[in-house]
Each structure stands twice: as structure tokens, then as C-alpha cells.
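Written below as C-alpha cells is the structure these notes are about.
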Amino acid sequence: MANRPPLDLHIPEPPARPGDAATFDHLDIPGAGLVRRPDPLGNAADMRDLPFELIRVLDEDGQAVGPWKPELSPDLMRKGLRAMLRTRAFDDRLFRAHRQGKTSFYMKSTGEEAIPAAQALVLESGDMCFPTYRVMGWLHARDYPLVDMVNQIFSNADDPLRGRQLPILFSARDYGFYSLSGNLGTRLGHAVGWAMASAYRGQDGIALAYSGEGTTAEGDFHEALTFAAVYRAPVIFAVTNNQWAISSFAGLAGTENTTFAGRAIGYGLPGLRVDGNDFLAVAAATQWAAERARANKGATLIEFFTYRVAGHSTSDDPTRYRPREEGESWPLGDPVERLRQHLVRLGEWDARLHEALLAELDAEVRAAVRAGEAVGTLGRSKPPLAEMFEGVFAEPDWRLLEQRREAGV
Amino acid sequence: MANRPPLDLHIPEPPARPGDAATFDHLDIPGAGLVRRPDPLGNAADMRDLPFELIRVLDEDGQAVGPWKPELSPDLMRKGLRAMLRTRAFDDRLFRAHRQGKTSFYMKSTGEEAIPAAQALVLESGDMCFPTYRVMGWLHARDYPLVDMVNQIFSNADDPLRGRQLPILFSARDYGFYSLSGNLGTRLGHAVGWAMASAYRGQDGIALAYSGEGTTAEGDFHEALTFAAVYRAPVIFAVTNNQWAISSFAGLAGTENTTFAGRAIGYGLPGLRVDGNDFLAVAAATQWAAERARANKGATLIEFFTYRVAGHSTSDDPTRYRPREEGESWPLGDPVERLRQHLVRLGEWDARLHEALLAELDAEVRAAVRAGEAVGTLGRSKPPLAEMFEGVFAEPDWRLLEQRREAGV
Amino acid sequence: MAELNMIRAINDALDVMLARDPAVLVFGEDVGYFGGVFRATDGLQAHHGAKRCFDTPISEGGIIAAAIGMGAQGLRPVPEIQFADYILPAYDQLVSEAARLRYRSGGEFWAPITVRSPYGGGIFGGQTHSQSPEAIFAHVTGLKTVIPSTPYDAKGLLIAAIECDDPVIFLEPKRLYNGPFDGRHERELATWTGHADAEVPVGHYRVPLGEARIAREGEHVTILAYGTMVHVALAAVEDTGIDAEVIDLRSIVPLDIEAIVRSVSKTGRCVVVHEASRFGGFGGELSSLVQERCFYHLEAPVERVAGWDTPYPHAFEWDYFPGPARIGAALCRVMENS
Amino acid sequence: MAELNMIRAINDALDVMLARDPAVLVFGEDVGYFGGVFRATDGLQAHHGAKRCFDTPISEGGIIAAAIGMGAQGLRPVPEIQFADYILPAYDQLVSEAARLRYRSGGEFWAPITVRSPYGGGIFGGQTHSQSPEAIFAHVTGLKTVIPSTPYDAKGLLIAAIECDDPVIFLEPKRLYNGPFDGRHERELATWTGHADAEVPVGHYRVPLGEARIAREGEHVTILAYGTMVHVALAAVEDTGIDAEVIDLRSIVPLDIEAIVRSVSKTGRCVVVHEASRFGGFGGELSSLVQERCFYHLEAPVERVAGWDTPYPHAFEWDYFPGPARIGAALCRVMENS
Ligand SMILES: Cc1ncc(C[n+]2csc(CCOP(=O)(O)OP(=O)(O)O)c2C)c(N)n1
Ligand SMILES: Cc1ncc(C[n+]2csc(CCOP(=O)(O)OP(=O)(O)O)c2C)c(N)n1
Ligand SMILES: [Mg+2]
Ligand SMILES: [Mg+2]
């Protein structure tokens with residue numbers, strides 16, 4: 001071994017940085033309809049090819065093709081379109097509200113709206129989603145009252161979370177939306193525990209656990225997958241691979257040479273890699289995994305391949321770390337546009353309806369923001385101060401009672 | 001979805017419990033020599049079949065066969081045999097010393113001796129192993145002074161770890177043996193950091209990170225693999241799958257439907273599954289992974305398939321949770337016997353030499369234990385009490401100085 | 001009534017709760033078939049089935065995360081962490097999730113989990129089988145921390161913890177599992193046999209969280225202790241002959257501040273005792289509270305007796321352990337200062 | 001000399017150390033190309049190359065584990081944890097490994113790592129971007145914990161921490177990054193411009209770990225504080241006109257016990273201040289030490305002013321924050337009690 005070269009440290013770099021031309025040439029994007037669809041009750045060991053494919057249903061012309069083409073009613077698809085557009089309208093308005101100083105923080109999910117929208121609509125009301133901050137579309141799809149969202153974001157007197165939580169870190173039990181938190185990854189294992197409990201009780205609710213692709217690097221991700229595999233918990237893991245984690249690209253989460261869906265193999269779980277900008281593909285993969293979970297066959301890991309079009313949050317300026325036009329060169333298109341095109345092609349949608357929907361949503365969002373503003377924006381209205389001391393325990397102990405007195409409430 | 005069956009919680013169970021007949025019928029044990037050996041510098045994506053094979057070199061007759069047959073000198077193999085036998089002799093003697101109250105704790109590695117012995121001999125002196133308590137064979141292979149081991153186990157005045165550490169949780173920097181600790185899994189990431197540092201400095205030491213199969217469930221395991229994948233760190237992960245983690249079988253670590261080697265795929269790393277009772281297969285796989293690491297191709301995950309013949313530790317009674325004769329029905333045999341048979345077949349070993357070696361090792365171990373006893377067994381001799389206050393920081397602060405005075409030293 | 005040692009009392013509490021409430025699940029490493037490395041769950045799987053009491057992967061973070069999710073779904077999980085030293089991989093789950101879930105969700109979700117874990121030294125367990133981590137839990141708002149010192153309390157407190165809707169860290173002084181160890185390690189070891197507090201009622205009863213117990217009434221100095229150190233403190237009292245009141249806190253969150261203030265107001269002196277290392281330990285909180293609330297009663301500085309600020313060393317375990325001699329010396333100092 | 005705000009001073013310290021010592025590596029989430037979400041590592045990758053300053057996966061446990069391994073191999077890693085709230089997934093690595101490595105290996109291996117992390121509230125960061133976790137580190141034997149309050153100290157202490165052979169938790173008061181925030185949030189925000197302690201020497205210098213700084217001399221009461229609260233304490237002194245001595249501890253481990261005892265022996269009164277929640281916080285240790293060592297000097301109970309025992313609530317951040325008014329009230333109480 002005399003003349004071997006010295007060791008060298010590899011530091012991953014994304015294909016393009018500011019100043020470079022945006023490129024996704026390194027991605028291999030197959031056409032729609034090409035991936036086989038095994039029996040959802042089949043053996044995971046026979047599905048080890050799937051994590052390295054890309055399940056797509058909508059082709060370039062907006063046609064639904066191939067074995068993964070789901071049976072979705074036009075009605076459901078219109079609901080999906082509405083949910084995505086509501087998400088986008090709300091995001092835009094609230095992002096602006098932040099710029100106007102009405103709240104401290106906001107996060108958009110532009111480009112990724114299809115994922116929660118489709119999943120919220122194909123899963124059932126007894127199922128529970130364990131969200132990330134990037135899947136507010138779930139609430140939009142399930143018609144969570146916009147004004148409650150606005151009040152939470154403004155931390156005002158009508159905030160359903162009583163002023164305790166950062167904007168958009170919602171909790172909405174009745175809408176199948178588990179309590180969000182700033183800590184990445186920590187709820188993945190809750191989803192598994194929740195699903196285990198559901199199975200233990202012989203109920204039929206399954207869990208959906210979201211994770212950004214960057215978050216998969218946390219130990220929690222592995223622990224959750226391990227528990228899910230061991231107890232065959234009825235849970236769907238949804239990795240939203242939007243290519244970026246704040247400023248670091250997906251390769252920094254360990255997939256320069258593999259895929260996130262590929263992680264499934266090591267746990268004996270099916271892993272699906274899905275076009276996340278394709279509403280129908282998202283729905284189809286989710287239905288497949290749900291059918292499997294409900295049949296006591298356990299968990300599925302789905303990687304949704306997508307792109308984070310906006311900045312990470314209101315605190316972020318993505319032009320500092322990626323080419324400004326990168327979003328435009330994203331090869332999987334705009335999920336809204338793709339579903340719209342499909343509906344139009346089916347004769348279930350048209351320009352007039354679309355304009356009307358946009359106008360309706362705009363009005364709805366405006367009205368909600370106005371209603372929230374009437375209660376008050378951040379700092380101009382809050383829940384009673386006593387709320388600060390409530391909910392720490394089921395019943396406050398002497399410390400909280402004393403401190404509350406000291407705080408004068 | 002009207003009549004779907006209720007969900008149900010799956011609790012994994014091993015194939016046999018006390019009272020049942022021991023069985024390994026569920027295992028698929030292929031013959032030796034059947035697995036292909038790809039170029040170690042090749043693309044991991046082309047090796048996704050390997051984690052589901054079982055690399056074996058020594059066949060039933062003690063012949064080395066197939067593409068993984070390593071080039072090992074008879075001398076190295078004799079050293080390996082010696083290391084394994086020294087491990088076994090030492091284990092037996094020290095286990096007895098525990099029964100005699102000479103120490104508080106001991107752990108044997110019976111049946112698994114080939115793994116650290118082969119690895120210690122094929123890796124280089126500048127490499128660093130990040131051990132588990134189950135790979136004391138590394139120290140035996142590298143001729144760590146037995147009396148120092150005994151002194152540590154007795155926590156006596158000559159204990160190289162100054163009475164601070166539980167028996168066998170060694171540290172032996174000069175022997176490429178990193179500091180052990182009771183916490184499972186926590187050093188896997190150290191191995192990666194160590195390897196990254198070696199690469200950063202352009203040195204040529206690589207790291208070997210051991211983990212029991214049960215320990216792979218810790219988040220640390222995933223974090224270490226992720227970092228190794230991202231930075232292509234020159235590290236070999238060795239999962240010693242000895243089928244048991246105290247009382248829980250390997251299925252409880254999430255491999256009822258996959259293998260531990262299979263975890264590699266999700267990180268874009270090669271995963272090898274290797275007969276851990278086959279000294280030659282262990283050596284061959286280690287050489288392959290080391291060649292890859294030294295060529296800046298990054299990490300390999302190797303699952304060593306083996307069996308924990310003894311109880312977990314001196315605190316354990318395995319007949320409470322597995323059939324008493326399970327060890328005897330283990331299909332991969334005794335690593336010592338298999339290597340001996342091979343050497344005999346090569347004409348490089350015979351019964352006389354074997355007897356002589358056993359006698360020599362017995363004497364060596366006895367002498368070491370006697371020397372340790374002369375210094376003192378647990379509680380009869382200790383390092384000076386001042387050692388309790390040393391080494392907390394590089395320099396003690398006032399608290400330690402005051403407390404030391406208060407303790408009268 | 002049955003005479004039980006502490007490990008049997010804990011087992012009994014789990015058995016009672018598994019029988020009473022189908023929402024109770026017991027799980028952890030080696031907890032199921034084997035019955036736990038300390039036998040706390042012995043027989044429970046056989047008795048209640050593998051879906052009620054089962055083994056888990058070796059993943060403390062995963063165990064607590066799953067427990068929280070189960071709790072949010074409506075169960076009352078009772079996970080075991082094999083040694084308190086190994087609770088740290090789950091620390092983030094306990095602090096960021098279990099403790100905060102109710103608050104941050106506006107009361108929509110909460111985590112009614114009871115995390116059992118053996119803590120403390122004196123068993124030659126070395127650095128990573130001997131630690132006492134109560135301080136890092138007591139500081140976390142939203143967690144309750146309970147530490148029994150007798151079989152009677154162990155059962156009653158554990159039942160109360162399981163029934164409590166808040167997350168509870170239930171630290172079991174492993175040195176007390178088999179007997180009321182008082183720190184005199186050189187003497188013959190006592191068992192619980194014949195001990196009044198080993199008389200444990202059959203079936204269900206609660207010892208409420210947040211009520212201290214006066215382990216010994218006394219007039220001249222108050223000793224605040226919990227877990228193993230209650231017995232060690234009693235031994236120090238016996239050795240010195242000082243008429244100390246020994247308060248067994250039983251839970252440090254919620255803390256029975258009234259019992260503390262009442263006693264120190266009477267005695268005018270206080271010694272705080274724990275096995276964990278001293279600096280930044282829970283003794284600091286106790287000492288501060290006493291000083292803040294009883295300042296004008298105090299006739300001597302509040303003393304703390306605790307483990308040294310070193311790791312728990314294998315060979316020097318009895319030098320590290322704050323035994324009766326060190327507590328006795330503190331008692332004498334406190335009594336002299338007047 | 002250059003006038004730098006705190007974030008620039010930290011950046012400068014890293015730059016100096018990267019240039020001086022090839023063993024120094026800087027890494028963390030968004031730390032490399034982007035320069036950190038608070039810009040602490042801005043320009044370092046461009047300046048020193050991607051192998052010296054790089055991004056990591058989102059895995060705090062992985063970051064610290066890798067750092068420890070690098071440290072054991074001979075490097076001096078300076079990992080960043082993006083928010084101190086997110087240090088908890090790495091808590092086991094810090095406690096069980098970094099803090100114990102030297103001790104348990106008989107000195108064969110150690111972890112000369114410096115873990116930088118922004119802590120504290122006042123930026124509307126909500127529960128998980130505002131916490132102050134110093135107490136859970138101070139209790140851990142084998143770790144040092146440093147908290148600067150000025151640009152000058154931030155640079156000098158950070159250099160000293162990097163050069164130190166022990167693991168150091170370096171908590172950066174993020175509220176001070178851009179100005180000497182004194183808790184009067186309703187006033188116009190001050191910047192470091194023109195502040196004496198923003199005069200930072202060019203190049204290498206150290207502020208030794210374990211030496212407190214007298215931020216204000218005074219006769220009547222001692223205030224013990226660190227980080228942001230030093231400035232808040234000074235504001236309270238200004239508001240009340242009480243002649244307090246304000247001690248900026250700078251590092252809580254090692255703690256400058258002599259400076260504390262000296263001051264309280266002189267003033268006879270003491271108020272301990274921190275932003276972390278009160279119960280089980282580091283204030284308990286400080287209060288206890290003062291009481292133990294200055295008992296016969298004390299003319300009033302040692303008071304603690306701290307965050308409430310609740311999570312850090314988004315809307316009520318200024319109600320939670322122990323601002324000048326609460327400190328002032330404590331000062332007045334302490335002065336009355338005499
Ligand atoms: C435990 C933890 N570490 C770090 C952070 C800071 N942080 C917030 S979002 C984020 C990036 C997450 O990226 P990804 O998982 O890809 O999700 P995305 O934002 O792309 O949806 C980071 C590092 C955090 N919130 N929690
Ligand atoms: C973090 C942590 N959790 C739990 C334990 C207790 N424990 C010690 S060994 C062991 C089993 C480990 O099994 P495995 O990884 O398969 O290694 P083996 O003993 O079979 O070599 C357990 C649970 C520990 N030491 N550390
Ligand atoms: Mg992302
Ligand atoms: Mg094992």
C-alpha cells in the first residue's frame with residue numbers, strides 16, 4: 001500500500017450557487033406512467049426497485065396515465081385545486097402581513113401544495129397527520145377556518161393557541177392535525193406511537209408523519225422508522241424532498257448517491273418515490289400506502305420529490321445560496337397548473353371557473369385577515385395574560401399560582 | 001371500506017423461547033463461495049443485492065472458496081487463532097473471577113471471537129477501532145498486556161483507567177482502541193468524526209465502528225451513517241448481529257423483514273452481510289471495505305452474522321428467555337473450530353500445536369490474573385483516592401480542589 | 001396488606017393498573033418476556049399479554065416518542081428506561097415534547113406518560129449505571145418528578161403517577177429495591193422484611209404527588225431528602241444523636257413547599273441531601289427556597305451534602321456516595337453554627 | 001482596535017482561530033456557504049475554504065458526535081447549534097461523551113470542542129427559539145459553560161474556549177448580537193456603536209475562562225448576572241438608583257467564586273438574575289453558594305429574578321422576560337429588608 005493517495009474530506013456542493021446558471025440536469029426525470037404498481041398488500045422485499053423510480057401520473061399534456069392512475073372523482077380533484085389555491089392565496093397574503101409588521105414570522109409552501117392537499121383529501125377523518133410547518137395545505141384542504149389561522153398567526157386575543165406558539169405552529173385536533181413545534185423531527189415517533197395505539201385498540205385511524213428531507217438526518221427519523229417496522233404500525237411516512245433545507249441542499253442529508261425513499265429498504269418497508277408536484281401521483285401513492293396500513297401490513301415511506309419555490313421563511317433570502325431562477329427551471333412544474341390542466345382536459349374545469357375560484361379565495365382570505373386584524377395584530381391584542389400560566393400542567397402548582405400573582409393576574 | 005378488519009398491533013416474537021425446541025430453520029444459510037465480489041472501488045448503487053446475501057469463505061470442510069477468499073498468510077491466520085483462543089481463555093477465567101467476587105462485572109464474547117480478531121489483524125496500526133464491550137478480541141489480537149486488562153477489571157491500584165470505569169470498558173489508545181463506555185451507540189459518530197479528521201488532515205488512518213445489532217435502533221446509528229455518507233468518511237461500520245440484545249432478539253431491532261446490512265442502501269453505501277463465525281470471510285470483507293475507504297470512496301456497512309453463545313453479562317441468565325440448547329443448534333459453527341480446521345487442512349496447524357497453544361494461553365492468563373490479584377482484587381486495592389478528582393477537566397477548578405480537601409486527600 | 005420489597009411493590013402497582021385500565025401499556029428494553037433487568041415487570045406479560053407489556057428496540061428516544069404519541073391518542077403508557085443514565089437520548093423528547101405538548105397545543109393534546117427508571121449508585125455500576133439525573137428534569141417546566149423511598153410509597157406514588165394527566169419522571173432508587181439501604185455499606189445488608197413501610201395494601205391506592213412525608217420528627221434541624229438518601233439521612237441522625245426532622249420529599253415537582261417551610265421555621269436549621277453531584281444539583285433549588293422563605297428563622301447556613309462534582313467512579317463508589325458520615329458532619333456543623 | 005457588534009466579534013474570533021490553527025474547524029447547519037442564520041460564520045468558508053467551514057446535516061447529535069471524534073483525533077472543532085433550544089438532541093453526546101471522555105479513558109482521549117449556540121429570548125422566537133439552557137450544562141461535571149455579554153468578551157472568551165482542552169458550551173445571547181439590549185423593549189433599540197465594550201482588538205487575545213467582570217461597582221447590593229441580563233440589571237440599577245455592584249460572571253463553569261464572595265461580603269445583599277425559568281435554574285446554585293459562603297454577611301435573603309416557570313410564550317414574551325422592573329422590584333425588596 002505504499003503509494004496510495006492521502007485521504008481527503010468530501011464536502012458536498014449543490015449543482016449551482018448564486019451566479020451559476022440554475023440546473024437540474026443531474027436529475028433523471030422519467031416520463032409519467034412508467035413505474036409498476038405492485039399489490040399494496042405484497043411483500044416489501046419484492047419492491048426494492050421502487051425507491052429508485054419516480055412515480056408520475058400526469059403527463060406533459062395533463063393526461064393521467066399508467067398503473068398508478070388513481071380513481072379520483074372530479075369533485076375531489078376540484079377540492080384539491082381549491083385547497084392548493086387557498087394555500088397559495090393565504091400564503092401570499094400572510095407573507096405580506098409579516099412584511100407589514102402584523103406578525104413575527106411566516107412560512108410559505110409554494111410549489112409543494114399538492115402534497116398535503118391530496119393527502120388530506122384521500123385520507124379519512126379519523127386519521128391523524130403529524131405535520132411540518134410546510135403542509136398547511138392540509139388545513140386548507142380540510143376547511144379549517146381561515147380566521148382561526150389568522151388569529152393564531154397574529155397571536156391575538158382570539159388565538160386558539162392562546163398566544164403561546166410561534167405563528168403557523170398550529171394544532172387542530174378536530175381536523176386531524178397534530179400539534180406542531182419548532183423542533184424538527186420530534187413528532188415522527190409520536191405518529192408511530194399514535195398509530196400503535198390505534199392498532200392496539202383495534203380502531204381504524206392511521207397516522208401520516210411528515211418530514212422535510214433535511215430533517216431525515218435527525219436520529220428521530222430512524223427511531224420512528226425502526227419502531228414502525230418492529231410493530232408494523234399503520235403509519236405513512238411522507239418525506240417532502242423540496243431540495244432545500246434552509247440553505248443546504250438535499251445532498252447534505254445524505255442522498256448524493258441514493259434516494260430518501262431508499263431508506264425504506266433497510267427497515268423492510270416499501271419505499272415509494274413520487275412526483276410531489278403531481279396531485280394524482282401523490283393521491284395514488286397515499287391511497288396505496290393507506291390500503292397497506294389499514295390491512296395491518298405496516299408502514300410505507302414515501303418520498304415526495306418537489307421543490308421549495310419560496311424562501312425558507314420570512315427570515316430567509318434564498319438568493320444568497322441558490323440561483324435566483326432555480327425555481328423556474330424546476331422540471332416537475334407547478335402542481336396547481338398541472339392539476340388545472342388535467343381538469344380542463346377532462347372537461348371538468350375551465351378558465352371562467354378558475355377565475356371565479358381565484359376571486360372567491362382572494363375574498364375569503366381578505367375577509368379572514370380583516371377579521372383577524374379587527375381582533376388585533378401581533379402586540380396590539382393578546383389573550384389574557386393569565387393564559388401564560390395555564391396549561392403548563394393539567395392543574396397549576398403553587399409556583400405557577402404564586403408567579404401569576406406576582407405578575408399581577 | 002366497510003368491512004375491513006380492525007387494526008392490530010404486531011409484537012415480534014423470536015422463533016423459540018425456553019421450553020420450545022431451539023430452531024434456526026427460519027434462517028436461509030447459503031453455502032460458502034457463492035456471493036460475487038464487486039470491485040471495492042465500484043459504485044454502491046450497483047451493489048444493492050449484497051446486503052441480502054451471506055458472504056462465506058470457509059466451507060463445511062474448512063476449505064476457503066469463492067471470490068471473497070482473502071490472501072492471508074498462514075502466520076496471520078495462526079495469529080488469529082491465537083487471538084480467538086486468548087479471548088476465550090481470558091473470558092472464561094475472568095468470568096470465574098467474577099463468580100469469586102474478585103470483580104463487579106464481566107462480559108464474554110464466546111462465539112464472536114473471529115470478528116475483532118480478524119479485523120484487528122487486517123487493519124493497520126494507525127487505524128482506530130471504536131469498540132463495543134463485545135470485541136475485547138481486538139486487544140487480544142493486538143497483544144494488549146493481559147495484566148493491564150486484569151488490573152482494570154479488578155479496579156485495583158494499577159488499573160490503567162484509575163478506578164474510574166466499569167470492568168472491561170477499556171481505553172487503549174496505543175492499540176487503536178478508543179475509550180469504551182456503558183452508553184450504547186454513542187461512539188459511532190465519534191468514529192465518523194475521527195475518520196473525517198483523518199481525511200481532513202490527509203492522513204491515512206481509517207476508523208472501524210462497532211455496534212451490536214440491538215444498538216442499531218439508537219438514533220446515533222443513523223446519525224453516524226448519515227454523516228459518513230455525506231462526507232464520504234473513511235469508516236467501516238461493523239454490526240455484530242449476534243441475534244440477541246440481552247433478552248430481545250434481532251427482530252426487535254427492526255429486521256423481521258430485512259437485514260442490518262440492508263440499512264446501507266438508504267445511505268448510498270455498500271452493505272455486506274458476512275458470516276461472522278468465518279475468520280476468513282470477516283478478514284476479506286474488512287479488507288474490501290478498508291481498500292474502499294482508503295481510496296476515498298467512503299464508508300461500508302458490514303453486518304457480521306453470528307451468535308452470542310454466552311449470557312449477555314455476568315448479570316444475565318439467558319435460559320430465562322431462550323432455549324438452553326439454542327447455541328448448539330447455531331448453524332454457523334464455532335469460529336475457533338472453523339479456523340483451526342482450515343489451518344489443519346492447509347497443513348499449517350496440528351493437534352499438538354493446538355494443545356500447546358491452549359496450554360500456553362492458559363498459563364499466560366493465569367499468570368496475568370495472579371499478577372492482578374497480587375496487586376489486589378476489587379475493593380482490596382484501588383488507585384489513590386485523589387484519582388477520583390483528577391481528569392474531570394484538564395485542570396481541576398476550585399470545586400474539585402475544595403472537595404478533594406473535604407474528602408481528606 | 002402484603003409485605004413487599006420495593007421492586008415487588010412497583011411490579012404490583014403496574015399489575016394493578018394493567019388490570020384496572022386497558023389504556024395502560026408497559027414497555028421498554030427487556031421489559032416484556034424477560035420481565036426487566038431488575039424484574040420490575042416480571043410476570044406482567046404472562047399475566048396481561050404481549051400487547052400490554054412488551055419489549056422495545058434499544059432506542060430511548062424512540063421509546064419516549066412512541067409513548068407520547070400513544071398518550072396523545074388516549075393511552076396511559078408506562079415506559080421503562082433501563083437505567084436513568086440512559087434517559088439522556090430521550091431528553092429532547094421529554095423536554096421539547098412531553099413537557100410542552102399541552103401548553104403549546106392550547107390543551108388539545110397532552111402526554112399522560114409515566115417514565116420509570118432506576119437511578120442512583122451504590123451497586124458498583126460505574127459511571128453509566130449510577131447517576132441521579134433529577135435536577136435536569138426538575139428544571140423543566142411541564143414535567144413532574146417523583147422519587148419514592150419505601151415500598152408503600154413506591155406503589156402508591158406510581159399509581160398516582162400513572163393516573164396523572166401530566167408527564168411524570170418516576171425515578172426508582174435502585175439501591176432500595178431490595179432493602180432500606182442506609183449507606184452503611186460495610187454492615188450486613190438490610191432487607192425490607194419486617195419494615196413498617198414494606199406493608200403494602202393489596203390493590204389500588206394512591207399516594208398523592210406533591211405531599212412530603214415526615215420520615216422522622218425532630219426539633220433541631222431539618223433534613224430534606226428523597227429516595228435512597230432518606231434512609232442515609234436517618235442513619236446519620238442515629239449516628240449523631242442530633243434531633244433532626246427528616247423530610248422525605250417524595251416528589252420534587254410538585255414540591256411540598258409548605259412542609260419544608262413549616263419544618264425549617266420550627267427547627268431554624270436545614271441540611272439538604274442528594275446523591276447527584278452537587279454543583280447545579282436540585283439541592284441548590286431547595287437551599288435557595290429555604291433561604292428565601294425562612295431567612296429570618298435560620299440560625300445557620302443551609303448546608304448541602306451531595307455527590308462530588310466528578311463522574312461516579314467505579315472503584316471509589318463509597319468515597320463518592322454521600323454517606324451517613326458526611327451528612328453527620330454537616331449536621332454537626334449546622335448545630336455548631338449558632 | 002475595531003468597533004464590532006457581538007456577531008462580528010464572534011465572526012472575528014472564528015476567523016482569527018481558523019487562520020492561526022489548522023486544527024480548528026467550524027461547522028453546523030447553514031454555517032458554511034450561507035454563513036449561518038445569524039451570520040456568525042459569514043465569509044469564513046469563502047476565506048478559509050469549504051474544508052475548514054462547512055454545512056452539516058440537520059442532526060445535532062450527529063454534529064456533536066462528529067466533533068467529539070474529531071477532537072479525539074487531534075482537531076479543535078467549533079460546531080454551531082443553530083438555536084440553543086435544539087441542543088437537546090445532542091444532550092446525551094455532551095453529557096455522556098464530551099464531558100466524560102477524559103475522565104473515563106484515564107486521560108487517553110478528550111474532547112477539546114467548543115459548542116457555540118445562540119440562546120435567550122426577546123426576539124419573538126416563541127417557545128423553541130428563546131430558551132436558556134445553561135442550568136442543564138452547569139450541573140454536568142466535565143463541561144464548561146461560557147456566556148459573554150459584550151463584543152470584547154465574546155471574542156476573547158471564544159478564543160479562550162477554542163484553545164481550552166475541555167469541552168465548552170459557548171452560549172451566545174442572541175438578543176445582544178446587534179446591541180446592548182437592556183430589557184427596555186419599548187424604547188428605541190441601542191446598537192453597539194459607540195459602546196466601550198464594542199472596541200475589540202484586532203487579532204488574537206484571550207479573556208480567561210472563570211474570571212468574572214465587575215460591570216458596575218457598587219456598595220449596597222450585589223447583582224449576579226450573565227449574558228443579556230447583565231445589561232438588564234444595569235438598567236434596573238439606573239432605574240432604581242440603588243448603588244448595586246453588578247457582576248458579569250462571563251462563565252458559570254468555571255465560576256469565579258472569589259469575585260462573588262468578595263462582592264457580597266462587601267455589600268451584604270445579593271440578587272441573582274437569569275432569563276431561564278426559575279425553578280431548578282442556575283440561580284439556585286448561585287443563591288446557595290452565596291448563602292453558604294456569606295451567611296453571616298447577609299442582611300436580607302438572597303433574591304432570584306428569573307423567567308417564570310412556563311414555556312417561553314410568543315405573545316407574552318415581555319411578560320415572561322425578567323426585565324428591569326422585576327429586577328428593580330427585587331432590589332428594592334432586598335434593600336428594605338434590613
Ligand atoms: C432540531 C432542530 N434543528 C434545527 C432547526 C432549525 N431549522 C428550522 S427549519 C430547518 C430546515 C429544515 O429543512 P427540511 O427538513 O428540508 O424542511 P423544509 O423547510 O425544506 O420543508 C432548520 C435547520 C430546528 N427547527 N429544529
Ligand atoms: C443507551 C443505552 N441503553 C440501554 C443500555 C442497556 N444495555 C446494555 S447492553 C444492551 C443490549 C445490547 O445489545 P446489542 O447491541 O445487540 O449488543 P450485544 O450485547 O448483543 O453485543 C442493553 C439494552 C445501555 N447500556 N445503553
Ligand atoms: Mg427541505
Ligand atoms: Mg446483539
Side-chain angles (χ1 to χ4, degrees), chain A residues 128 130 152 159-166 169-174 177-183 185-201 203 205 207 218-220 222-231 233 387 390-395 397-400 402, chain C residues 22-23 25 27 51-52 54-75 77 79 89-90 92-93 95-113 141-144 164-167 209-210 253-258 289:
Chain A
M128 182 66 73
F130 292 74
Q152 196 280 328
D159 172 3
L161 302 188
R162 321 311 297 127
R164 298 186 192 140
Q165 194 48 303
L166 200 66
L169 299 185
F170 291 109
S171 177
R173 187 176 187 126
D174 294 343
F177 192 92
Y178 187 72
S179 162
L180 251 168
S181 161
N183 311 73
T186 44
R187 275 89 51 215
L188 293 165
H190 301 194
V192 178
W194 192 96
M196 288 173 70
S198 180
Y200 161 73
R201 298 168 119 184
Q203 300 179 340
E218 294 284 3
D220 309 67
H222 169 66
E223 299 180 337
L225 281 161
T226 301
F227 274 68
V230 166
Y231 302 108
E387 288 290 352
E390 293 295 324
V392 178
F393 295 104
E395 299 293 335
D397 66 15
W398 59 269
R399 299 173 300 168
L400 291 160
E402 280 189 8
Chain C
L25 297 191
F27 51 89
K51 289 184 211 236
R52 306 291 309 282
F54 53 85
D55 291 322
T56 63
I58 302 175
S59 171
E60 293 75 16
I63 292 169
I64 301 303
I68 295 169
M70 291 174 187
Q73 210 271 356
L75 303 184
D92 187 42
Q93 279 295 332
V95 177
S96 303
E97 294 295 333
R100 302 289 148 79
L101 186 55
R102 178 192 298 275
Y103 192 82
R104 75 171 192 234
S105 70
E108 286 199 325
F109 298 94
W110 59 95
I113 69 174
T141 192
L143 292 182
K144 293 184 169 169
C164 170
D165 281 337
D166 298 311
L209 310 186
V253 179
L255 183 70
D256 190 344
I257 188 69
E258 280 173 30
L289 284 169

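All heavy atoms count here, side chains included; hydrogens, waters and symmetry mates do not. Just so we're on the same page: letters track the sequence lines, and every chain starts at 1.
Contact annotation for C:L289: only side-chain heavy atoms (C-beta onward) come within less than 4.5 Å of a heavy atom of chain A. When heavy atoms are compared at a cutoff of 4.5 Å, A:E402 approaches chain C solely by way of its side chain, counted from C-beta outward. Neither the backbone nor the side chain of A:A191 comes within less than 4.5 Å of any heavy atom in chain C. Proximity to chain C involves both the backbone and the side chain of A:V392, based on heavy atoms less than 4.5 angstrom apart. Of the atoms belonging to C:I63, heavy atoms from both backbone and side chain fall under 4.5 Å from chain A. Of the atoms belonging to A:F393, heavy atoms from both backbone and side chain fall under 4.5 Å from chain C.
Note on C:A67, C:G71, C:P22: by heavy-atom pairs under 4.5 Å with chain A, the leading option is C:P22. Of the residues considered (A:S198, A:P160, A:A207), A:S198 shows the highest number of contacts with chain C, using heavy-atom pairs under 4.5 Å. Ranking A:A233, A:A199, A:A394, A:A172 against chain C, the residue ahead of the rest is A:A394, based on heavy-atom pairs under 4.5 Å. For the options A:D220, A:T186, A:L180, heavy-atom pairs under 4.5 Å to chain C are most numerous at A:T186. Counting heavy-atom pairs closer than 4.5 Å to chain C, the top-ranked of the candidates A:M128, A:Q203, A:E395, A:R187 is A:R187. Ranking C:A72, C:P167, C:A99 against chain A, the residue ahead of the rest is C:A72, based on heavy-atom pairs under 4.5 Å.
A salt bridge links A:R162 and A:E387; the closest N-O separation between the charged side-chain nitrogens and carboxylate oxygens is under 4.0 Å.
Under the 3.5 Å distance criterion, the side-chain polar atoms of C:R102 are left unmatched by any main-chain donor or acceptor of C:A98. The main-chain N or O of C:Y103 is never found under 3.5 Å from a side-chain atom of A:E390 such that the two would form a donor-acceptor pair.
When all heavy atoms are compared, the tightest approach of C:Q73 to A:A197 is OE1-CB, 3.5 Å.
Residues C:D55 and C:F27 are not in side-chain contact: their nearest non-hydrogen atoms beyond the backbone lie 4.5 Å or more apart.
Judged purely by distance below 3.5 Å, without hydrogens or angles, the side chains of C:Q93 and C:E60 never pair a donor atom with an acceptor atom.
For C:F109, the ring pair (Phe, Tyr, Trp, His ring centres under 6.0 Å) partners are A:Y178, not counting sequence neighbours. Qualifying salt bridge (charged side-chain N to carboxylate O under 4.0 Å, His left out) partners for A:R399, counting only residues two or more places apart in sequence or in other chains: A:D397.
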